[in-house]
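Lettering follows sequence order; numbering is per chain, from 1.
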2 protein chains.
Amino acid sequence: MKHQITIKDIAVKLGLSTSTVSRALKDHPDISPKTRVAVKELASLLGYRPNRIALNLRNNSTRTIGLIIPEIEHYFFSAIINGIEEVAYKNDYSVMVFQSNESYKREVINTQAVLTNRVDGVLVSFSKETRDFSHFQRLIDNEIPVVFFDRVTEELQADQVVADDYQGAFIAVNHLIEKGCKRIAHFAAPQSLAIGRSRLSGYHDALLKHDIAYNPALVVLADTFDSSKKAAHDILRNADRPDGFFAVNDMSAIAIIKAAVELGLKVPQDVKVVGFENSKSSALIEPELTSVDQFGFELGREACLQLLRRLKEDEDISEFKPVKKVIKTKLVVRGST
Amino acid sequence: MKHQITIKDIAVKLGLSTSTVSRALKDHPDISPKTRVAVKELASLLGYRPNRIALNLRNNSTRTIGLIIPEIEHYFFSAIINGIEEVAYKNDYSVMVFQSNESYKREVINTQAVLTNRVDGVLVSFSKETRDFSHFQRLIDNEIPVVFFDRVTEELQADQVVADDYQGAFIAVNHLIEKGCKRIAHFAAPQSLAIGRSRLSGYHDALLKHDIAYNPALVVLADTFDSSKKAAHDILRNADRPDGFFAVNDMSAIAIIKAAVELGLKVPQDVKVVGFENSKSSALIEPELTSVDQFGFELGREACLQLLRRLKEDEDISEFKPVKKVIKTKLVVRGST
DNA sequence: CGAAATATTTCAACCGATTGCAGTAATTTA
DNA sequence: TAAATTACTGCAATCGGTTGAAATATTTCG
């Protein structure tokens, strides 16, 4: 990088001290109008921009937010990043992105990276592998505000922003029942994730409400396209195949539709399918997918706003009360049900 | 943030000077083994981590890359970010993400943001609105290496990494012709973008090769789902409707398929469609979409690698020779042709 | 044993900007 | 005209770490 114009350059050229220049630039009342004008003119002439790093050092703040996320290349997460960046931008913060790629080990390294980069706060959605949270505890111990979103844990004293997974699952399954489904399967996420548990629980309670017995055989661990396609093939070949599916995400739901079509079944006549996410893809497939919108953009916004709130607070850690923000979900009904 | 352990804390506790501690931590030969061990032990006991910001200030480098991108919430770009983050991570760089949201004005602000954040280098794919490039020239004037990817311009002396748009378009249209299409429409991106021009040109030349006259009426500006769906409806209602479509991206292609289906046309029997991107969605729709894979992840990797190369160089700006890296594309044939 | 050589540690300046306090100049007041 | 205000401006320390040069401690050797 070229030599950047510093306050000293301006000071030397005008025969002033750096302190005077500094004060002139920020309209300090002590500085005479003449000096102030001269300094400002020269500053803009030279294209002076304050060195943020020097300020960072002095203020012990970087106006930077660290974002640790499983994978960017996934509609839901990219929508979240979009929301986060939007709020950060409006509040003059920058966002540093770190992917864990669903790897616990890499996630630990990511937490070290946000520490070295001295970000002011961190937004986290942890990996599927993560069971131990001490690397996040380390951030909290350093009094770096951490807000978890989507993938959260009760094991840490930290803010959470999540979609209302339980409610979303409940309305989805309720919808299937109202559409006449009697035998509803659930393709679930790992039960180590709260979203996995909440969605299963919503599924369970919606069945109960309609006096349908909960049948563990109809709950399958399958949250990717490939695993879901395979599982759907298997389960749909049974004589007593399900007439409805509630999938933990859209990819899984789409895989189910594809499997059903491949087996000569008609969607929604023979099998109805509901996804979770309301991704762009849900409107593209045929039939279009009924899905629970979990408002990723909103979720990102809220998570970032909550973090900014923490950053503004006088952090009296002894009085810390974690906040849990739940974003209501909404069923978007389309052709698959 | 809590008080972070500094070199001074260690120095005071051991009755040493900060210089000794600093040297001990980096195995400087001047330091006696006894001191070195003592310092290192205390450092790890206290959980000392060097303050990156102080180093940034001194070294005038942040080991941070700025990324300016139209929108994160788009498969192609998120794949690129993925590739970039991957390379940055392996080389111990961090990535700061700035969205332009396809807005020129915001893009200008983004370039200022990367300047204030004193990133070491910048990766850019500019907005559809951008006609004037002086904000990027400002970065270059500051001797901050800039690498453009996907959306590039010849107006600036800067490195470029692009997919082989011409070749991709050519093989796509060639494929349509070989499949029997006689009347091929092209849904194009704005001609202000190089990708728009290159893909049109590939389309044009593939027609020529097969002695099919180029018909301007078959070239439509439509690069979003909605605009493409509308345009496809219009053009497919004509008596002399096209029997093949080459769309500038997958969203556009999918919209065409949807429109065709809505009009009672069969894909690929009545109309064949090729997209560009090979996004996740292309394999989800029915029929699955034939598409030109532009390897977003690779493109991101290469762009970041090129930037890192520049960062390593002794930047003798007078001898700067821009590099243009072209990533070969590949046609992925599926059910839509 | 004392000087020279070597080993180890400290001093002080620096990176760029901020800010409390001291200092100087200009103006007002007695 | 001298003293007291007031208006400006500069000094120096600070943020945390690095590094050339100087200082001190320890060894080595004649």
Original post:
What are the residues of residues 16-24 of chain B, sorted by number, that bring a heavy atom to within less than 4.0 Å of DNA chain D?
Top reply: B/S19, B/S22, B/R23

Original post:
What does B/D30 touch in the nucleic acid at a heavy-atom separation under 4.0 angstrom: a base, only the sugar-phosphate, or nothing?
Top reply: base

Original post:
If only atom types and distance count, is the side chain of B/T62 paired as donor or acceptor with the main-chain N or O of B/R118 below 3.5 Å?
Top reply: yes

Subject >> Residue closer to the 5' end of DNA chain D, B/R49 versus A/R58 (nearest nucleotide) >> reply: A/R58

**OP:** Ignoring hydrogens and angles, tell me if any N or O in the side chain of B/D9 forms a donor-acceptor pair with the backbone of B/T6 under 3.5 Å.
**Re:** yes

Subject >> Gap between atoms CD1 and P, on A/I7 and D/dG10 respectively (whole Å) >> reply: 13 Å

**OP:** Respond yes when some side-chain nitrogen or oxygen of A/Y48 is under 4.0 Å from OP1 or OP2 of C/dA17, and no when none is.
**Re:** yes

Subject >> Nucleotide C/dT9, atom C1' - distance to CG of B/L14 in whole Å >> reply: 13 Å

Subject >> Rounded distance (Å) that lies between atom P of D/dG17 and atom NZ of B/K8 >> reply: 11 Å

Subject >> C/dC15 OP1/OP2 closer than 4.0 Å to side-chain N/O of A/T6 >> reply: no

Subject >> Main-chain N/O of B/Q99 paired with B/R106 side-chain donor or acceptor, under 3.5 Å >> reply: yes

**OP:** Could you check how far CG of B/N59 sits from C1' of D/dG16, rounded to whole Å?
**Re:** 12 Å

**OP:** State plainly whether the residues A/E154 and A/K324 are in salt-bridge range, i.e. N to O under 4.0 Å.
**Re:** yes

Subject >> For atom CZ of B/R118 and atom P of C/dG16, their distance in whole Å >> reply: 9 Å

**OP:** Provide, to the nearest angstrom, the distance between the CG atom belonging to A/D27 and the P atom belonging to C/dT19.
**Re:** 14 Å

Subject >> Salt-bridge present (A/D120, A/R310; N to O < 4.0 Å) >> reply: no

Subject >> Integer-rounded Å distance: C/dC14 P and A/N51 CG >> reply: 17 Å

Subject >> N/O donor-acceptor pair under 3.5 Å between B/S125 side chain and B/F149 backbone >> reply: yes

Original post:
Short question: side chain of B/E85, backbone of B/V95 - any donor-acceptor pair under 3.5 Å?
Top reply: no

Original post:
Looking at D/dG16, C/dT18, C/dT9, which one has an atom nearest to any side-chain atom of A/K26?
Top reply: C/dT18

Original post:
How is B/L55 classified with respect to the nucleic acid when contacts are heavy atoms under 4.0 Å: base, sugar-phosphate, or nothing?
Top reply: sugar-phosphate

**OP:** Would you mind checking if A/R151 and A/E71 are paired as a salt bridge, meaning a charged N to carboxylate O distance below 4.0 Å?
**Re:** no

Original post:
Can you tell me if the side-chain N/O atoms of A/T35 get under 4.0 Å from OP1 or OP2 in D/dC8?
Top reply: no

Original post:
Atom NE2 of B/H28 to atom P of D/dG20: distance rounded to whole Å?
Top reply: 8 Å

Original post:
So, A/E107 side chain and A/S100 main chain: donor-acceptor pair closer than 3.5 Å or not?
Top reply: no

Original post:
Counting only N and O atoms by type, is there a donor-acceptor contact under 3.5 Å from the side chain of B/Q160 to the main-chain atoms of B/T153?
Top reply: yes

Original post:
Once you build an axis from the first five pairs and another from the last five of the helix from C/dC1-D/dG30 to C/dA30-D/dT1, how far apart in angle are they, to 10 degrees?
Top reply: 80°

